*Asks:* 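Got a structure here, written out as structure tokens. Questions coming.
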Protein chains: 2
Amino acid sequence: MTDFDTPLPESNPKDAEYLAKLQDYYAEWKSIPSYASLCEVFGIASKSWVKAILDRLGKAGFIERTPDGMWIPTRQFFARPFAESSVQAGMPVSVSATQGDYFIIDEMLIDTPSLTTMIPVKGDSMIEAGIHDGDIAVVEKRNLANVGDIVVAIVDNDFTLKTLGKEGGRFILRPANSAYPVIRPQGSLEIFGVLVGLIRKYRK
Amino acid sequence: MTDFDTPLPESNPKDAEYLAKLQDYYAEWKSIPSYASLCEVFGIASKSWVKAILDRLGKAGFIERTPDGMWIPTRQFFARPFAESSVQAGMPVSVSATQGDYFIIDEMLIDTPSLTTMIPVKGDSMIEAGIHDGDIAVVEKRNLANVGDIVVAIVDNDFTLKTLGKEGGRFILRPANSAYPVIRPQGSLEIFGVLVGLIRKYRK
DNA sequence: TTGACACCAGAACGTTCGTTCTCTACCATG
DNA sequence: CATGGTAGAGAACGAACGTTCTGGTGTCAA
């Protein structure tokens with residue numbers, strides 16, 4: 001049983017070539033076209049063979065299908081020969097440019113684009129959490145959070161970034177800087193969103 | 001760079017909502033489905049109206065077509081709203097469009113894709129610079145750096161992230177953690193690249 | 001010499017797709 | 001009360017699509 005025996009190595013030698021052509025096409029158009037167009041891309045004339053190729057690439061884990069039956073690339077599709085952190089004495093500055101990097105950061109930080117906002121960080125009240133003035137907070141908008149989350153709350157009509165805590169049954173906002181006081185809101189606490197990522201850009 | 005200022009305001013007010021739904025769908029499936037499926041995504045029942053919406057989004061520059069007629073996203077599709085610290089008392093979770101700035105994370109951090117590498121940070125030797133274990137360093141590969149830059153150097157066949165300093169005419173690597181020693185390389189110092197950005201992802 | 005198999009072409013077929021057209025309900029505005 | 005624009009529903013249709021089947025090479029080993 002268990003016939004997932006050959007995940008990475010493609011079963012057919014020419015499949016590597018077809019995969020390369022598909023990757024090139026995808027880099028240009030960011031989509032996998034119809035079987036008919038793939039005939040041109042692959043340089044073959046029969047749709048049935050295109051289907052066989054895609055089925056194999058799917059089985060090998062490079063592409064998968066949406067519920068609609070459309071082919072989409074997997075993470076493995078974008079993997080490239082990657083020099084790990086060994087020696088690398090010769091400084092291979094050029095190497096492969098190619099595709100794939102484009103969405104990676106985005107995809108890593110953002111689950112739900114429509115709920116995600118960037119907010120620049122002002123001040124140093126969270127500096128002990130490694131959040132500096134000028135950093136950019138990636139915030140997912142929602143009004144519920146767990147104790148211990150870093151949240152964006154609305155205090156005095158302004159955004160403030162603090163750790164959500166609880167004290168005697170009431171929510172409090174804890175800075176990560178001993179020079180700042182704990183905020184104990186009277187009344188309800190209005191939470192704008194939860195910190196899901198952080199971005200910092202160093203001047204060039 | 002990136003001066004696409006005008007085409008943001010969509011012609012129809014509800015288009016912002018449809019765009020958000022499309023962005024969320026794309027974040028999950030990395031493709032734009034058929035009109036029939038978009039009916040479900042958008043919550044409407046007529047394909048003709050879906051087409052009208054996509055035509056408007058295409059005219060506004062968020063999506064475009066391949067030679068095969070497939071819809072694919074443009075760069076603008078991935079732009080994120082950048083919330084300035086205004087008021088926003090009423091928690092308008094859905095609106096998201098129109099006001100504020102937009103930017104694209106990848107473009108902000110990466111100038112030269114072919115020279116840019118991501119390296120996960122290990123250890124806490126730079127913690128006083130707000131660089132934590134598990135953060136991801138965005139590194140631009142080059143072998144020249146200025147004093148004061150945070151650089152990735154190759155020491156003992158391993159990457160290390162430190163601030164570049166100078167001491168008596170020789171380069172040194174300064175950690176940002178008083179518990180770690182300054183590194184004074186004998187011979188030449190091999191610099192892999194310069195830190196240009198930092199990314200942190202908080203667990204959900 | 002004969003299978004067996006990988007590789008591919010080509011056609012058939014039922015389904016789905018995108019497009020276009022007509023129609024409706026609902027505001028507004030005047 | 002007419003008008004016009006918006007926001008959609010729904011049907012119709014030909015073209016395109018994915019799938020399956022059959023058939024035809026070439027190669028290699030038995």
Side-chain angles (χ1 to χ4, degrees), chain A residues 3 5-22 25-26 29-74 77 114, chain B residues 7-23 25-26 29-74 77 94-98:
Chain A
D3 51 358
D5 35 14
T6 53
L8 298 186
E10 309 87 52
S11 43
N12 298 65
K14 293 190 86 175
D15 283 358
E17 172 190 334
Y18 292 138
L19 175 61
K21 286 178 176 172
L22 185 58
Y25 183 95
Y26 192 91
W29 296 109
K30 291 180 189 51
S31 70
I32 296 175
S34 68
Y35 287 7
S37 301
L38 282 173
C39 286
E40 291 185 28
V41 174
F42 290 161
I44 58 183
S46 103
K47 287 192 295 177
S48 59
W49 192 239
V50 167
K51 174 175 160 52
I53 292 168
L54 289 200
D55 283 344
R56 287 200 301 271
L57 292 181
K59 207 170 207 171
F62 291 101
I63 51 179
E64 61 184 348
R65 277 170 184 273
T66 69
D68 300 327
M70 291 186 70
W71 287 107
I72 57 172
T74 62
F77 185 85
S114 64
Chain B
L8 293 186
E10 309 87 47
S11 42
N12 296 66
K14 294 191 84 175
D15 283 358
E17 174 191 332
Y18 292 135
L19 175 61
K21 287 178 176 172
L22 186 58
Q23 286 168 328
Y25 182 96
Y26 192 91
W29 295 110
K30 286 175 195 50
S31 70
I32 296 175
S34 68
Y35 287 7
S37 302
L38 282 173
C39 286
E40 291 184 28
V41 174
F42 289 161
I44 59 183
S46 106
K47 287 192 296 177
S48 60
W49 192 239
V50 167
K51 173 174 160 54
I53 293 168
L54 289 200
D55 283 344
R56 287 201 300 272
L57 291 181
K59 210 171 207 169
F62 292 100
I63 51 178
E64 61 185 351
R65 277 170 185 273
T66 68
D68 299 328
M70 292 186 70
W71 287 108
I72 57 172
T74 61
F77 186 85
S94 60
V95 188
S96 81
T98 56

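What you are looking at is a predicted structure, and each value in this text was computed from that prediction instead of being measured. By convention in this document, chain letters (A, B, ...) are assigned in the order of the sequence lines, proteins followed by strands, and residues within each chain are numbered from 1. These values consider heavy atoms only, across backbone and side chains, with no hydrogens, waters or symmetry-generated copies.
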*Asks:* Roughly how many Å is it from CD1 in B:Ile32 to P in C:dG18, rounded to a whole number?
*Replies:* 11 Å
*Asks:* Could you state the atom-to-atom distance from CD1 of A:Ile53 to P of D:dT19 in whole Å?
*Replies:*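 Atom-to-atom, A:Ile53 to D:dT19, this comes out as 14 Å.
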*Asks:* Calculate the interatomic distance between B:Trp49 atom CH2 and D:dG8 atom P; express it in whole Å.
*Replies:*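 In whole Å, D:dG8 P and B:Trp49 CH2 are 6 Å from each other.
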*Asks:* Grab the CE-C1' distance between A:Met70 and D:dG18 for me, whole Å please.
*Replies:*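 For the pair A:Met70 CE and D:dG18 C1', the rounded distance is 13 Å.
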*Asks:* What nucleic acid atoms does B:Phe42 come within less than 4.0 Å of, heavy atoms only: base, sugar-phosphate, or nothing?
*Replies:*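 It contacts nothing in the nucleic acid.
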*Asks:* By nearest nucleotide on DNA chain D, pick out whichever of B:Asp68 and B:Ala45 is the more 5' one.
*Replies:* B:Ala45
*Asks:* Partners of A:Glu17 by side-chain contact (heavy atoms from CB on, under 4.5 Å), sequence neighbours excluded?
*Replies:* A:Lys14, A:Lys21
*Asks:* Please confirm whether the shortest side-chain N or O distance from B:Tyr35 to OP1 or OP2 of D:dG10 is below 4.0 Å.
*Replies:*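 The answer is no; no side-chain N or O of B:Tyr35 sits under 4.0 Å from OP1 or OP2.
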*Asks:* Who passes side chain to side chain donor-acceptor pair (under 3.5 Å) against B:Tyr18, sequence neighbours left out?
*Replies:*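 Residues passing side chain to side chain donor-acceptor pair (under 3.5 Å) with B:Tyr18: none at all.
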*Asks:* Could you state the atom-to-atom distance from CG of B:Leu54 to P of D:dG8 in whole Å?
*Replies:*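 Value for this atom pair: 13 Å.
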*Asks:* For B:Ala45, what residues pass the side-chain contact (heavy atoms from CB on, under 4.5 Å) criterion, not counting sequence neighbours?
*Replies:*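 Expected list: none.
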*Asks:* Tabulate atom names and distances for all N/O pairs under 3.5 angstrom spanning the protein and nucleotides 11-16 of chain D.
*Replies:*
none

*Asks:* Where is the tightest heavy-atom contact between B:Phe77 and B:Gln23, given as atom of each residue plus distance?
*Replies:* O-NE2, 2.9 Å
*Asks:* Please tabulate, for side-chain N and O atoms in residues 65-72 of chain B, each donor-acceptor pair with protein atoms closer than 3.5 Å (sequence neighbours left out).
*Replies:*
residue : atom : partner : partner atom : Å
B:Arg65 : NH1  : B:Gly69 : O            : 2.8
B:Thr66 : OG1  : B:Asp68 : N            : 3.2
B:Thr66 : OG1  : B:Met70 : N            : 3.2
B:Asp68 : OD1  : A:Ser37 : OG           : 3.1
B:Asp68 : OD2  : A:Tyr25 : OH           : 3.3
B:Asp68 : OD2  : A:Ser37 : OG           : 3.2
B:Trp71 : NE1  : B:Tyr35 : OH           : 3.1

*Asks:* Partners of A:Ser46 by side chain to side chain donor-acceptor pair (under 3.5 Å), sequence neighbours excluded?
*Replies:* A:Ser48
*Asks:* Please determine if a side-chain N or O atom of A:Lys14 lies less than 4.0 Å away from the OP1 or OP2 oxygen of C:dA6.
*Replies:*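 False: A:Lys14 side-chain N/O out of range (4.0 Å or more) of C:dA6 OP1/OP2.
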*Asks:* Check this one for me: any side-chain N or O of A:Lys51 less than 4.0 Å away from OP1 or OP2 of D:dT19?
*Replies:* yes
*Asks:* For the pair made of CG in B:Leu38 and P in C:dT19, what is the distance, rounded to whole Å?
*Replies:* 12 Å
*Asks:* Do the side chains of A:Lys51 and A:Asp55 get close enough for a salt bridge, i.e. N-O under 4.0 angstrom?
*Replies:* yes
*Asks:* Please report the distance, rounded to the nearest Å, between CH2 in A:Trp71 and P in D:dG18.
*Replies:* 11 Å
